[in-house]
Asker: 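Before I ask anything, here is the structure I am working with.
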Amino acid sequence: MSTEDRPPAPRSLAEALRARGDAALGALLRSRPDLITPVPTDLTQLATRAGTRASVVRALERLDRFALQTAEALAVAADPATYGELLGLMAGDDADPAVVAALPHAVGLLREQALVWGDDDRLRLVRTARELLAPSPQHPSPTGLGPTVQEATAGMSPGRIQEIVTAAGLASTHDSVSAVTALAGLFTDRARMTALLADAPADSLDVLERLVWGPPYGQVTHDPAPRLRWLLDRGLLLPTAPGTVVLPREVALHLRRGLAHRAPEPVPPVVEAAAVHRPQVVDSAAAGQAYTALATVEELLKDWDEGGPAVLRAGGLSVRDLKRTAVALDVPEPAAAFWVELAYAAGLIASDGEADERYAATPAYDEWLEQPPAERWSRLVTAWLAATRTAGLVGGRDAKDRTLSALGPGLDRSAAPEVRHRVLALLAGLPEGAAPAAGTVLARLRWERPLRGDRREDDLRGRLAEWALSEAELLGVTGRGALSAQGRALLGAPAAPAPGPEGEPSGPGDKLPVHHQHRPAPLAPLSPAEQAVASAAAARLLAPLLPEPLDHVLLQADLTAVAPGPLQRPLADMLGVLADVESKGGATVYRFTPGSVRRALDAGQAASDLHAFLAAHSRTPVPQPLAYLIDDVARRHGHLRVGAASAYVRCDDDAVLSEILADKRSAGLGLRRLAPTVLAAQADPAGLLEGLRAMGFAPAAESAEGDVLITRALAHRTPPRTAPEPVPDGPPVPDDTLLAAALRAIRAGDLASTTPRKPGTAPAGNGELPRTGAAETLATMQAAVLTGEALWIGYVNAEGAASQRVIAPVRVEGGFVTAYDHTADEVRTYPLHRITGVAELADDAG
């Protein structure tokens with residue numbers, strides 16, 4: 001394209017955005033969704049918003065390391081800079097081939113995100129980004145470069161500048177500006193600078209070597225040493241304040257051979273495999289862990305079935321309750337916190353909202369229990385992927401030095417879902433069965449997001465990644481550290497690259513060959529609908545790998561039962577009432593005790609029912625000691641009856657009641673005889689039941705009608721509760737429908753604000769609405785109907801929102817104007833009283 005045919009260079013970011021097509025504008029709004037909240041009225045407002053400090057900081061935080069290094073280099077380059085100048089700063093005098101190859105993509109990314117605008121011969125970093133990244137004494141540049149010669153000599157006396165120029169071997173000039181220009185020209189001339197430094201004392205060069213990569217500032221006394229004096233005399237060090245000197249940027253770049261950064265990183269670190277396993281081994285290990293995860297969550301909810309721990313006044317679990325839960329689950333406290341938070345994120349537990357507030361299972365838990373195991377697992381991992389609550393923070397301190405408790409406030413970290421997804425995506429890029437080295441995963445994440453608010457945030461992102469790896473293993477998303485098939489399906493990822501013959505692993509510790517170090521393409525997070533499909537696919541892959549529930553146990557003579565695997569739900573529920581769990585593992589051991597048998601009888605079972613149940617579900621004969629235990633407890637069960645008097649005890653055998661009264665342990669119950677077979681008590685029925693059982697009796701509760709009350713271990717449930725909503729990390733990425741509507745609105749507003757007006761009307765683009773009286777507005781509208789001309793109007797809708805529009809009036813009647821709205825590309829009707837004013841367009845307006 002010839003110079004004459006080339007479109008004029010944009011003079012502002014707004015003009016650069018105006019020259020973009022809808023696809024390029026859509027890419028900007030997707031990468032920076034904060035720009036669309038709310039939708040800008042026109043492209044000028046979009047450009048203004050893209051240059052605000054908050055938006056620019058957010059955009060810079062989401063750049064990868066090389067793109068950020070490119071922006072930092074532009075911040076220390078001339079404004080504007082050419083692409084060649086930028087390439088010199090990034091690739092150096094040696095023109096690093098990797099940097100040369102990667103730089104076009106980095107510049108394109110910065111342009112796409114509206115951080116850089118202009119053609120390659122006039123690249124401009126947006127002003128706010130330059131202010132954030134350019135070096136200053138208060139905020140040193142990440143490049144380690146200092147101010148330019150012109151900036152460092154600002155305020156220096158003309159005489160002193162001339163002395164420096166002369167000492168550097170340059171001809172004196174008549175003014176300071178030309179002298180500074182000559183000095184800067186010397187420092188940027190490689191040959192002349194080499195000759196100047198060739199005469200420098202060795203210890204002076206040592207001083208430059210210490211400052212060259214930053215920080216560029218140093219301290220001097222009022223009488224500098226000779227090695228410093230030599231540098232100061234020639235302007236190689238320039239004073240910035242009393243006792244402080246700085247290495248000018250041009251000198252540092254010469255010593256660095258043109259590099260703005262000591263170590264440009266154009267290529268992301270490779271995620272390396274620490275070990276490779278057979279895919280079948282990985283999937284089996286992950287499935288076993290998935291089953292353990294389901295069993296752990298079920299055990300947690302069963303433990304809280306009749307009402308869990310109390311809610312602290314500030315919210316959350318107490319340290320004591322978390323310890324008790326960890327003991328009940330037989331896991332460390334951090335793991336217990338993870339399982340509690342996972343159940344909460346999945347909507348299975350919540351606070352009951354009562355006056356004495358406690359945690360309990362929700363009605364959704366009962367629905368979850370009825371689902372097949374693979375679908376229950378799918379629900380847990382889907383909730384984990386999206387949750388912003390971070391269990392790893394439990395036990396730490398918040399900004400006010402308060403302890404963070406499980407289920408309490410302050411655990412939301414909006415970056416958690418993104419980090420989890422990215423960690424799993426990096427695992428998905430490895431061949432099947434490859435377990436990554438954790439350090440290489442963290443290095444890759446640090447390259448992808450190098451800039452955070454402070455060191456603590458940097459550390460948090462690394463910890464989130466470490467927690468993601470361990471939690472994925474706990475849930476069975478990974479097995480032996482490698483992503484399982486169901487984990488890959490959960491991400492919607494394609495099949496992994498398969499190792500070649502020479503890369504076939506022979507053992508768990510095999511290293512992955514170099515040619516298998518695959519760099520994964522980024523996997524975008526899925527929409528809710530896509531995630532539902534992916535989760536269902538993951539459940540289908542997992543289902544065949546889970547163990548089949550058993551319908552039998554093995555009864556033993558020592559009053560125990562062994563379940564050699566997972567039990568069918570009715571059998572497990574009944575056995576959980578009739579016996580106590582003694583040990584867990586590959587096989588679960590249950591122990592029968594008088595208390596556990598009495599618990600089953602209290603739940604409405606008769607002795608004959610228990611005998612029949614055990615005979616039907618045991619692969620071994622029912623041992624005689626167990627049968628005797630059931631009969632003995634049943635014979636005494638219900639012999640005493642407890643009711644509400646405040647409470648009473650009745651028994652057909654008055655000798656038993658006399659024995660109770662004579663027992664010193666009954667003193668606290670406040671018993672007295674009302675009749676030969678009836679005792680009244682001051683204790684409530686529940687306390688009376690517990691007291692008599694502690695004395696060795698087996699009383700049964702009865703209703704007001706005298707019937708035995710069946711007390712089942714059911715169900716304290718909260719009212720219906722929804723799962724906690726994740727805390728978003730900024731505005732969500734707009735979907736296609738919203739994006740298309742926003743682009744139409746922005747284009748329409750831009751057309752209205754930039755269409756040329758006739759002389760005497762309000763100037764285009766100043767954001768002001770036209771103002772005319774009602775009579776003038778009506779007359780202009782009627783004239784436009786006759787001539788067919790388009791008009792520029794200001795309009796305020798029913799909500800009070802003002803906008804500018806270009807319309808072609810078709811009809812004016814009854815206080816309304818019907819017109820073709822060029823900005824909306826449709827025919828609309830506007831009330832005349834809502835039109836603030838009207839102006840005619842220039843004759844050459846398109």
Side-chain angles (χ1 to χ4, degrees), residues 302 305-306 551-563 567 570-582 588-644 647-660 663 665-666 669 677-679 681 685-715:
K302 190 178 295 182
D305 207 37
E306 297 181 54
D551 62 353
H552 64 274
V553 294
L554 306 175
L555 296 177
Q556 302 185 111
D558 60 350
L559 297 180
T560 60
V562 177
L567 299 177
L571 173 58
D573 290 344
M574 183 60 198
L575 199 59
V577 175
L578 181 56
D580 298 323
V581 175
E582 187 169 80
T588 305
V589 178
Y590 295 85
R591 178 164 294 280
F592 300 94
T593 65
S596 68
V597 173
R598 184 176 64 242
R599 187 170 63 228
L601 295 174
D602 286 344
Q605 301 293 325
S608 58
D609 297 331
L610 299 182
H611 286 301
F613 168 78
L614 293 174
H617 293 94
S618 176
R619 289 290 176 88
T620 57
V622 179
Q624 203 173 49
L626 179 56
Y628 286 165
L629 174 65
I630 293 173
D631 291 338
D632 183 53
V633 174
R635 185 167 48 253
R636 295 185 295 119
H637 184 263
H639 190 52
L640 296 178
R641 301 289 183 90
V642 173
Y648 64 85
V649 183
R650 67 182 181 88
C651 181
D652 296 335
D653 188 348
D654 59 351
V656 174
L657 296 184
S658 299
E659 180 185 348
I660 292 173
D663 196 319
R665 290 175 294 176
S666 67
L669 300 177
T677 58
V678 180
L679 298 179
L688 185 54
L689 279 169
E690 292 299 322
L692 292 175
R693 285 171 178 168
M695 295 165 61
F697 297 96
E702 71 176 14
S703 67
E705 292 77 19
D707 299 324
V708 174
L709 285 175
I710 297 174
T711 57
R712 303 182 186 275
L714 276 177

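Atom set for the values below is all heavy atoms of this structure, side chains included, hydrogens, waters and symmetry mates excluded. These figures come from a predicted structure and were not determined experimentally.
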Asker: Let me confirm one number: the CG-OG distance from Leu575 to Ser596, rounded to the nearest 0.5 Å.
Answerer: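 Atom-to-atom, Leu575:CG and Ser596:OG are 9.5 Å apart.
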Asker: To the nearest 0.5 Å, what is the distance between CG on Asp602 and CG on Leu689?
Answerer: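 Result: 8.0 Å between the selected atoms.
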Asker: Which heavy atom of Pro594 sits nearest to which heavy atom of Leu629, and what is that distance?
Answerer: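 Result for this residue pair: CG-CD1, 3.9 Å.
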Asker: Is a side-chain N or O of Arg599 found less than 3.5 angstrom from the main chain of Ala579, in a donor-acceptor match?
Answerer: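 Looks like yes, one N/O pair under 3.5 Å.
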Asker: Can you name the nearest heavy-atom pair linking Pro685 to Ala647, along with the distance?
Answerer: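 Answer, listing the atom of Pro685 first, then Ala647: N-CB, 3.8 Å.
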Asker: Given side chains that start at C-beta, do those of Pro699 and Arg693 come closer than 4.5 Å, heavy atoms only?
Answerer: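 Yes - at least one pair of side-chain heavy atoms lies under 4.5 Å apart.
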Asker: Please examine the side chains of Ile630 and Phe592, heavy atoms only from C-beta on, and report whether any two atoms are closer than 4.5 Å.
Answerer: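 When only atoms from C-beta onward are counted, Ile630 and Phe592 do not touch, as no gap falls below 4.5 Å.
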Asker: So, for Leu610 and Met574, which heavy atoms are closest and what is the spacing to 0.1 Å?
Answerer: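 Answer, listing the atom of Leu610 first, then Met574: CD2-CE, 3.6 Å.
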Asker: So Leu578 and Val597, do their side chains get closer than 4.5 Å, heavy atoms only?
Answerer: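 Yes, at least one pair of side-chain atoms sits under 4.5 Å.
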Asker: If you look at every heavy atom in Thr620 and Leu554, which pair is closest and at what distance?
Answerer: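 So the two residues come closest at OG1-C, 3.9 Å.
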Asker: Please collect all side chain to side chain donor-acceptor pair (under 3.5 Å) contacts where either partner lies in residues 625-634, sequence neighbours excluded, each pair once.
Answerer: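 Checked against side chain to side chain donor-acceptor pair (under 3.5 Å) - neighbours excluded - the pairs reaching residues 625-634 are His611-Asp631, Gln624-Tyr628, Asp632-Arg635.
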Asker: With Val553 as reference, evaluate Thr560, Leu567, Val589 under the side-chain contact (heavy atoms from CB on, under 4.5 Å) test and give the passing residue.
Answerer: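 Between Val553 and the candidates, side-chain contact (heavy atoms from CB on, under 4.5 Å) is satisfied uniquely by Leu567.
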Asker: Work out which heavy atom in Leu688 is nearest to a heavy atom in Leu669; give both atom names and the distance.
Answerer: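 Scanning both residues, the minimum pair turns out to be CD1-CD1, 3.7 Å.
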Asker: What pair of heavy atoms forms the shortest contact from Met695 to Arg665, and how long is it?
Answerer: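 Shortest heavy-atom separation between Met695 and Arg665 comes out as O-NH2, 3.4 Å.
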Asker: Distance from Leu626 atom CG to Gln556 atom CD, nearest 0.5 Å?
Answerer: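 Going from CG on Leu626 over to CD on Gln556, the span is 11.5 Å.
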Asker: Arg591 vs Asp558, test: side chain to side chain contact (heavy atoms under 4.5 Å, CB included). Steps then yes/no.
Answerer: CA-CA 8 Å; Arg591 178 164 294 280; Asp558 60 350; 4.2 Å; yes
